[in-house]
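What you see is a predicted model; the values in this text were computed from it and never measured. Throughout, residue positions are numbered sequentially from 1 according to the sequence presented.
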Amino acid sequence: MTRRFLFVLGSSRSDGNTELLARGAAEQLPEGVEQQWIDLAAHPLPDFEDLRHDSDHVRPTRGNVALLLDATLAATDVVIVSPLYWYSVSAHVKRYLDYWSGWLRTPGVDFKATMAGRTLWGVTALAHEEQEVADPLVGTLSNSAAYLRMRFGGVLLGNGSKPGDVLGDTEALARAKTFFAQDAPLARFPYETD
């Protein structure tokens with residue numbers, strides 16, 4: 001399968017530090033690798049309603065939910081581009097991930113089997129020098145990937161608060177040059193052992 005990257009932008013600010021870092025990493029992808037960028041602020045999802053046990057699920061055919069479902073299913077690599085908001089993913093990204101729960105039960109989608117073996121990546125910018133504060137965000141993405149038996153390429157971390165600050169983080173920019181070139185291992189829950 002030809003690699004196809006879906007970049008899911010979860011910031012409330014366009015062209016913010018996280019997006020700048022993600023675009024820097026994406027510039028390094030080989031020519032011919034497809035990229036689709038979807039800004040969740042420009043394509044908002046309605047609040048997720050958990051109907052797992054109460055209703056028949058129907059595959060969405062139009063609107064932002066259908067757009068994101070189709071783009072997610074078509075991607076070999078899903079990149080969550082979310083600033084660190086209160087030590088985790090943004091509300092836009094959390095809502096998108098909540099929709100994964102509904103897609104697990106959407107007839108004809110077979111979401112879990114389709115996503116198995118694909119790769120989940122993360123990119124975030126934080127305004128904190130100690131990168132450990134991003135552990136909850138990393139855990140959210142890693143555990144989501146583990147549940148779906150996806151590969152997890154990790155999270156590219158950069159530092160920045162004001163717009164454009166991340167461009168001064170030379171270490172993050174250097175990591176961005178090889179971030180998508182690494183081999184992403186199969187994601188595992190913390191309690192899983194070899």
Side-chain angles (χ1 to χ4, degrees), residues 1-11 16-40 71-85 87-90 93-94 96-97 100 111-160 165-194:
M1 183 178 214
T2 303
R3 288 184 83 183
R4 178 181 171 90
F5 278 71
L6 170 62
F7 291 85
V8 180
L9 303 176
S11 180
N17 287 305
T18 302
E19 183 178 344
L20 290 173
L21 187 58
R23 290 197 183 275
E27 287 173 1
Q28 310 307 313
L29 289 171
E31 193 172 316
V33 171
E34 291 183 57
Q35 297 180 33
Q36 183 176 11
W37 294 74
I38 298 179
D39 183 346
L40 295 175
T72 303
L73 292 172
T76 59
D77 297 78
V78 177
V79 185
I80 301 298
V81 183
S82 175
L84 186 71
Y85 287 164
Y87 310 104
S88 191
V89 295
S90 69
V93 168
K94 178 62 169 77
Y96 166 68
L97 294 175
W100 288 16
F111 190 73
K112 192 169 188 178
T114 300
M115 299 307 290
R118 298 187 183 188
T119 306
L120 184 65
W121 307 84
V123 179
T124 192
L126 55 150
H128 215 282
E129 293 296 323
E130 292 77 20
Q131 294 185 345
E132 295 83 1
V133 300
D135 286 353
L137 180 145
V138 175
T140 293
L141 298 181
S142 176
N143 288 336
S144 297
Y147 180 76
L148 293 175
R149 295 295 171 219
M150 297 176 75
R151 298 184 171 285
F152 183 57
V155 177
L156 175 60
L157 299 168
N159 189 277
D165 276 357
V166 77
L167 298 177
D169 185 345
T170 55
E171 291 179 15
L173 296 176
R175 287 190 304 271
K177 290 192 181 300
T178 59
F179 184 61
F180 293 125
Q182 66 182 322
D183 187 29
L186 188 64
R188 304 183 83 131
F189 287 110
Y191 57 80
E192 291 181 311
T193 58
D194 292 331

Check: Can you say whether the rings of Phe179 and Trp121 are parallel (under 30°), tilted (30 to 60°) or perpendicular (over 60°)?
Finding: perpendicular
Next item on the list: Look at the rings of Trp100 and Tyr96 and say which category their plane angle falls in: under 30° parallel, 30 to 60° tilted, over 60° perpendicular.
Entry: perpendicular
Check whether any side-chain N or O of [X] sits under 3.5 Å from a backbone N or O of [Y] as a donor-acceptor pair, and report yes or no.
X	Y	answer
Asp169	Gly160	no
Arg149	Gly117	no
Ser90	Ser82	no
Asn17	Val166	yes
Thr124	Leu84	yes
Ser142	Val138	no

Report the distance from atom [atom1] of [X] to atom [atom2] of [Y], rounding to the nearest 0.5 Å.
X	Y	atom1	atom2	answer
Leu141	Leu97	CG	CG	6.5 Å
Asn159	Glu130	CG	CD	9.5 Å
Thr76	Arg118	OG1	CZ	7.5 Å
Phe111	Leu148	CZ	CG	6.0 Å
Leu21	Leu157	CG	CG	8.5 Å

Check: What are the two closest non-hydrogen atoms of Phe180 and Ala26, and how far apart are they?
Finding: CE1-N, 3.9 Å
Note to self: I need the minimum non-hydrogen distance between Gly10 and Tyr85, along with the two atoms involved.
What the structure shows: O-CE1, 4.5 Å
Checklist line | Partners meeting salt bridge (charged side-chain N to carboxylate O under 4.0 Å, His left out) with Asp77 (sequence neighbours left out) | finding: Arg3
Next item on the list: Under the salt bridge (charged side-chain N to carboxylate O under 4.0 Å, His left out) rule, collect the residues that match up with Lys177, sequence neighbours excluded.
Entry: none
Using a 4.5 Å cut-off on heavy atoms from C-beta on, say whether the side chain of [Y] contacts that of [X].
X	Y	answer
Thr119	Val78	no
Arg151	Leu120	no
Ser11	Thr18	no
Leu40	Val8	yes

Checklist line | Pair Arg23 + Glu27, salt bridge at N-O below 4.0 Å | finding: no
Checklist line | Residues which pass side chain to side chain contact (heavy atoms under 4.5 Å, CB included) with Gln36, listed by chain and number, not counting sequence neighbours | finding: Arg4, Leu6, Ile38, Leu67, Ala71
Item checked: Within the 6.0 Å centroid threshold, strictly below: Phe189 and Tyr147 -> no
